[in-house]
> 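Below you will find the structure I want to go over with you.
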Amino acid sequence: MKSKQILPAAIATLVSFVLASVLVGATLGSRTALPFAAANDPTDGNITRITAGLLEQSQFSHHRLDDELAARFLDRYLDSLDPTHLLFLQSDAQEFDGFRARLSEMTRRQGDITPARMIFQRYLERLNQRDTYVTNLLQSEKFDFTGHETYSFDREKSPRPPDLEAAHQLWRQNVRAEYLQEKLAGKKPADIVRTLTGRYTRLLLTMRKFTPEEVLDVYLDALAHVYDPHSDYFGPAQMEDFSIAMNLSLFGVGATLRAEDGYAKIYELVPGAPAARSALLKPGDRIIAVGQADQKPVDIVDMPLSDAVKLIRGPKGTRVRLTIIPANADDESARKTITLVRDEVKLEDQQAKARIVDLPQKNGSTLRLGIIDLPSFYGGSDGPTHPTSSSATADVAKLLRKLEAEHIQGLVLDLRNNPGGSLEEAIRLTGLFIHKGPVVQTREMDGRTDVGADNDGSELYDGPLIVLTSRFSASASEIVAGALQDYGRALIVGDKSTFGKGTVQTVVPLAALMDEHHLAHSVEPGALKVTIRKFYRPSGASTQFKGVAADIALPSLTGAADVGEAELKDPLPWDLVPPSDFTREDHVSPFLHDLQSRSATRVVADKDFAYIGEDIAQFKKSIAAKTVDLNEADRRQEMQKDKAREEVRKQERAARKERPPTTYDITLKNAGTPGLPAPETAISSPVAKLSESPADEHEEARAGVAQSDPVLRESEGILADYVSMLHHPSTLAAAVH
């Protein structure tokens with residue numbers, strides 16, 4: 001859901017209260033605890049107090065920064081610096097525990113950031129010790145991988161090393177795991193030593209350059225995240241990145257990145273941007289190296305995210321090569337290198353598009369279905385005086401009219417890769433498929449609940465409807481899917497549930513507030529992105545945390561990935577509010593059991609779903625193990641098995657000689673033209689036009705794009721059954737694919 005950079009009236013009122021409370025009796029904490037601290041500058045204390053106060057009063061939970069929350073704040077800050085518990089010793093953690101009893105008062109009343117700087121200084125000391133140890137190890141160790149050792153890579157909940165000797169053993173095993181990973185990827189020993197030495201030394205040198213302001217950024221961001229995963233503190237650099245994100249010019253290729261365990265992890269793809277159009281990247285992929293055109297790639301593991309972003313960004317039309325570990329990789333030595341051409345997001349690529357599919361039936365007839373792909377809920381307005389020039393609802397309505405003019409018998413609304421957008425558009429678009437009534441309930445910070453409803457009394461499309469969702473369907477997508485499910489208007493098909501983001505954030509710039517109240521700040525104080533509202537379905541159930549459950553869940557790798565609100569730290573809980581007054585249409589429930597049964601029978605017999613099932617089982621097995629094998633021969637044997645398995649699949653698919661159904665691409669440009677465009681007989685690959693790399697580099701990706709989408713294909717089969725049951729309740733016609 002779009003976050004607007006405004007200060008709502010409700011928050012503005014609270015701000016005055018917050019500032020009044022934090023300034024009463026406030027004293028500045030010491031700014032000389034560390035060598036890089038600047039004395040006699042109240043800026044950091046003022047920023048800290050106002051940030052803590054805003055979170056207490058303006059975040060949805062209205063949770064005071066008490067001792068319990070302050071203790072989690074301390075833990076979150078330690079984990080933000082050392083997420084895998086490899087650096088800080090148990091003695092360090094015990095020493096820092098001395099802050100727990102007074103951290104609340106130090107933060108909210110005094111603005112004392114002594115803990116931030118003291119802990120960061122110790123972090124630098126441990127980084128320096130690790131760099132020295134690892135550098136010596138890489139120069140002196142003869143790396144042998146013939147034994148049967150394993151390394152536990154999942155250390156988020158593991159105890160910290162009890163002493164330096166124990167830390168050395170962990171560091172050694174970590175380096176061995178990284179060395180083998182690089183070796184299996186084909187690197188020579190000298191190159192591996194150079195890569196790993198550079199990686200560790202670069203991190204140390206980068207962190208040594210951190211300014212007091214950057215340390216404060218990390219500290220206050222940890223504080224915001226204790227309240228919920230979508231509240232953030234933005235320092236000046238982060239404010240710039242956020243502004244770029246809101247203008248859809250992300251990183252030159254259109255991917256939102258997050259730092260996770262030393263990796264730059266893809267969190268979201270921007271619809272219409274090069275990364276999304278290429279079909280080569282997906283959320284959860286980890287970028288480990290970046291190359292400019294034909295230059296040698298730069299390793300970015302453990303590189304600060306801001307520095308990695310600078311390498312990925314670039315002028316329009318230039319090429320960037322990304323080396324990634326795929327999200328569903330069983331082994332982190334599995335690498336792919338893709339090439340993208342940096343580009344602006346084109347309007348037509350962001351907009352809704354449609355297809356007509358003529359699906360052959362066993363009796364020789366043809367069933368005509370429509371598919372609308374909506375990448376985001378764009379458009380709407382920022383108020384009555386700020387309308388936008390395009391609208392997701394208007395575009396979908398135009399496509400719907402064209403599909404109905406061509407006599408479709410059923411419709412799939414594909415929201416699988418739709419991360420959200422305008423709330424206004426979500427309400428209006430739902431109104432295309434219901435007669436009238438409430439669509440979403442919005443609970444404010446004060447407990448008041450507002451209802452967003454469709455009141456126009458018209459229903460543009462009243463035929464059989466499937467809403468296709470995935471774990472990447474979030475926010476506004478969940479509002480639409482949840483409402484149509486509550487009304488019994490649509491069958492929800494796809495991953496077991498959607499993402500589960502049922503909150504809205506607003507961005508509060510701090511400079512204006514501090515100036516208004518004469519609070520000193522010698523630097524740009526940044527901004528706070530804070531969660532202020534929560535969404536509920538017409539039935540009263542929140543879309544937060546649980547998302548929207550599918551009526552028919554289909555196997556998919558996205559469903560198996562660790563993606564979703566429930567996977568984030570400290571998410572707001574699922575809950576209920578009283579249901580709205582609405583009339584359930586109940587189109588789906590009379591047929592749901594039979595539709596589920598028919599789909600399950602097809603899925604069991606479908607080879608592509610069998611392959612997906614195998615991949616899910618393998619992926620879950622590797623994740624559950626939480627360790628990596630350090631025996632080179634065993635790892636290479638597994639890699640050969642994976643390669644052979646993919647080759648068998650490729651040959652089996654080629655042998656099918658399936659004839660895809662005839663399809664017609666409907667765009668906003670040709671939707672107003674009488675008749676249908678020339679038919680398409682296969683899904684064409686967008687890879688070639690987005691890459692200037694050698695053909696073999698993207699052979700697998702092209703093959704994947706060119707294959708029919710099994711989830712969409714099965715959705716068409718479910719819709720065919722649904723149409724048949726509506727018209728002939730006593731019989732079912734199975735679609736032939």
Side-chain angles (χ1 to χ4, degrees), residues 22 26-37 44-45 47-49 51-53 55-56 59 61 63-130 152 154-171 174 207 210 212 214-229 231 233 259 261-262 568-570:
V22 301
T27 59
L28 289 177
S30 170
R31 293 184 52 93
T32 58
L34 294 177
F36 55 71
D44 290 350
I47 293 173
T48 299
R49 287 183 291 123
T51 299
L55 285 167
E56 286 185 325
Q59 196 268 351
S61 300
H63 199 307
R64 183 178 178 274
L65 184 58
D66 56 18
D67 289 344
E68 184 271 333
L69 207 60
R72 284 165 48 198
F73 169 30
L74 179 63
D75 291 335
R76 180 61 72 91
Y77 181 55
L78 291 171
D79 286 345
S80 66
L81 296 173
D82 181 24
T84 52
H85 293 193
L86 286 170
L87 288 171
F88 291 127
L89 307 181
Q90 290 181 15
S91 58
D92 296 328
Q94 290 168 2
E95 181 181 348
F96 303 148
D97 278 346
F99 289 119
R100 290 186 189 274
R102 53 198 178 97
L103 186 59
S104 172
E105 186 72 10
M106 293 174 71
T107 304
R108 63 192 301 271
R109 298 287 293 178
Q110 300 169 2
D112 186 343
I113 62 168
T114 298
R117 293 179 171 175
M118 180 177 174
I119 292 170
F120 190 79
Q121 189 68 37
R122 185 67 51 82
Y123 168 68
L124 293 179
E125 293 171 10
R126 299 302 181 208
L127 271 184
N128 184 69
Q129 290 171 334
R130 186 177 70 169
S152 177
D154 186 5
R155 290 191 44 80
E156 182 180 354
K157 297 181 180 179
S158 298
R160 302 186 187 277
D163 51 39
L164 199 55
E165 182 178 351
H168 285 170
Q169 294 306 310
L170 286 172
W171 297 345
N174 188 69
M207 302 313 288
F210 257 44
E214 289 173 313
V215 174
L216 183 67
D217 292 352
V218 178
Y219 190 59
L220 294 184
D221 203 41
L223 172 60
H225 288 165
V226 166
Y227 280 84
D228 74 275
S231 290
Y233 172 76
D261 296 340
L568 302 177
K569 290 184 178 180
D570 298 312

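These numbers come from the heavy atoms of this one structure, side chains and all, not from hydrogens, waters or symmetry mates.
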> How many angstroms lie between atom CG of Asp44 and atom CD1 of Ile113, to the nearest 0.5 angstrom?
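Going from the CG atom of Asp44 to the CD1 atom of Ile113 covers 4.0 Å.
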> For Leu89 and Ala167, which heavy atoms make the closest approach, and how far apart are they?
CD2-CB, 3.9 Å
> Answer yes or no: is there a donor N or O on one side and an acceptor on the other, between the side chain of Arg155 and the main chain of His85, under 3.5 Å?
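Yes, Arg155 side chain to His85 backbone: donor-acceptor pair under 3.5 Å.
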> How long is the straight-line distance from CD of Glu156 back to CG of Asp79, given to the nearest 0.5 Å?
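Result: 7.0 Å between the selected atoms.
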> Are any non-hydrogen side-chain atoms of Leu87 and Leu81 less than 4.5 angstrom apart?
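When only atoms from C-beta onward are counted, Leu81 and Leu87 do not touch, as no gap falls below 4.5 Å.
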> Any salt bridge between Arg126 and Asp92, counting N to O under 4.0 Å?
yes
> Any side-chain heavy atom of Arg117 within less than 4.5 Å of one from Gln121?
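No, their side chains stay 4.5 Å or more apart.
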> For Asp82 versus Leu86, what's the shortest heavy-atom pair and its separation?
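Shortest heavy-atom separation between Asp82 and Leu86 comes out as OD1-N, 3.0 Å.
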> Side chains of Met207 and Leu124: closer than 4.5 Å at any heavy-atom pair?
yes
> So, taking the atom named CG in Leu223 and the one named CG in Leu55, what distance separates them when rounded to the nearest 0.5 Å?
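Reported to 0.5 Å precision, the distance equals 5.0 Å.
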> Looking at every heavy atom in both Ser231 and Ala224, which two are closest together, and how far apart are they?
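In this case the closest contact between Ser231 and Ala224 is O-CB, 3.5 Å.
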> Do Leu65 and Tyr227 touch side chain to side chain, with heavy atoms closer than 4.5 Å?
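When only atoms from C-beta onward are counted, Tyr227 and Leu65 do touch, with a gap below 4.5 Å.
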> Report all side-chain donor-acceptor pairs from residues 95-103 shorter than 3.5 Å, counting only partners two or more places apart or in another chain.
unit_1, atom_1, unit_2, atom_2, d
Glu95, OE1, Arg122, NH1, 3.0
Glu95, OE1, Arg122, NH2, 3.2
Glu95, OE2, Arg122, NH2, 3.2
Asp97, OD1, Arg100, NE, 2.7
Asp97, OD1, Arg100, NH2, 3.1
Arg100, NH1, Ala71, O, 3.1
Arg100, NH1, Asp75, OD1, 3.4
Arg100, NH2, Asp75, OD1, 2.6

> Is it true that a side-chain atom of Gln90 and a backbone atom of Arg160 form a donor plus acceptor pair closer than 3.5 Å?
yes
> Parallel, tilted or perpendicular: which one describes the rings of Phe210 and Phe120, with boundaries at 30° and 60°?
parallel
> Can you name the residues that form a side-chain hydrogen bond (donor to acceptor under 3.5 Å, both in side chains) with Asn128, not counting sequence neighbours?
Arg208
> Determine, stepwise, if the pair Thr107 / Tyr219 fulfils side-chain contact (heavy atoms from CB on, under 4.5 Å).
CA-CA 11 Å; Thr107 304; Tyr219 190 59; 4.3 Å; yes
> Kindly compute the distance separating CG (Leu164) from CD (Gln169), expressed to the nearest 0.5 Å.
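Going from CG on Leu164 over to CD on Gln169, the span is 11.0 Å.
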> Nearest 0.5 Å, what's the CG-CG distance between Leu74 and Leu69?
12.0 Å
> Testing the basics here: between Pro115 and Tyr77, what is the closest heavy-atom pair and its distance to 0.1 Å?
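In terms of heavy atoms, the two residues are closest at O-CE2, 4.2 Å.
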> Looking at Asp228 and Arg72, is there a salt bridge between them, counting it only when a charged N and a carboxylate O are closer than 4.0 Å?
no
> Identify, with sequence neighbours excluded, every residue that meets salt bridge (Lys or Arg N to Asp or Glu O under 4.0 Å) alongside Arg76.
Asp570
